Student: 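One structure follows; several queries about it will come next.
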Amino acid sequence: MAIKKIITYPNPVLRKKVEPVTTFDESLQELAQDLIETMYAAPGAGLAANQIGVSLSIVVINDSKGEDEKKPLVLVNPEIIEKGERQVDEEGCLSVIDLTAKVERYRKLLVRAQDLYGKTCEFPAEDFFARVIQHELDHLNGILFIDRLSPLKRTLYKKRLKKILQAQEEGAL
Ligand code: NI
């Protein structure tokens, strides 16, 4: 178990669509543990495997609802099978530094996923929980939340990020 480095935009690794999980073995459980530890250390509301450079369909979500107790949820090969109503709310991403923005998402979902042993389950999700699931599933498809912003907002962010990265580089010299 280890805290992994989170890959950030514009690294092309984040753009590659992941492969489905077909082997439910010990290494999958280790990957899930790494994802959970990395998510809590960040801290973040969710994390997809390709954000730590593993091209597999698995995400973890912090389902603690603000309680002290940690309740990580692991979703393997997740898919959205029903969706309804739309809602706009603020979103950020561990892989997109220094940006939060309003994004439209479905407010209600029915989700199908497997657990770490390959067992399939279906469950409903609403509001923030539904938002996190949609955000993480986007990651698995190589999509980032900035792709869902207006072209103007995206261009402004890219310009600002360039300056941030330049400043970081100069600071490192
Ligand atoms: Ni993200």
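Start at 1 and go down the list; that is how both ligands and their atoms are numbered. In this text, all values refer to a predicted model and were calculated from it rather than measured experimentally. Atom set for the values below is all heavy atoms of this structure, side chains included, hydrogens, waters and symmetry mates excluded.
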Student: With sequence neighbours left out, write down each residue that passes side-chain hydrogen bond (donor to acceptor under 3.5 Å, both in side chains) with Glu37, or none if nothing qualifies.
Tutor: none
Student: Are there more than 12 heavy atoms of other residues, nucleotides or ligands under 6.0 Å from atom CZ of Phe128?
Tutor: no
Student: Protein N/O/S atoms under 2.8 Å of the Ni ion (ligand 1)?
Tutor: Cys93 SG, His135 NE2, His139 NE2
Student: Side-chain heavy atoms under 4.5 angstrom apart, residues restricted to Ile, Leu, Val, Met, Phe, Trp, Tyr: same cluster for Leu144 and Leu161?
Tutor: yes
Student: In terms of heavy-atom contacts, does CD of Glu26 have more than 12 from other residues, nucleotides or ligands at under 6.0 Å?
Tutor: no
Student: Are Leu137 and Tyr106 connected in a single hydrophobic cluster, I mean Ile/Leu/Val/Met/Phe/Trp/Tyr linked by side-chain heavy atoms less than 4.5 Å apart?
Tutor: yes
Student: How close do Phe129 and Ile61 get, heavy atom to heavy atom, and via which atoms?
Tutor: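 So the two residues come closest at CE1-CG2, 4.0 Å.
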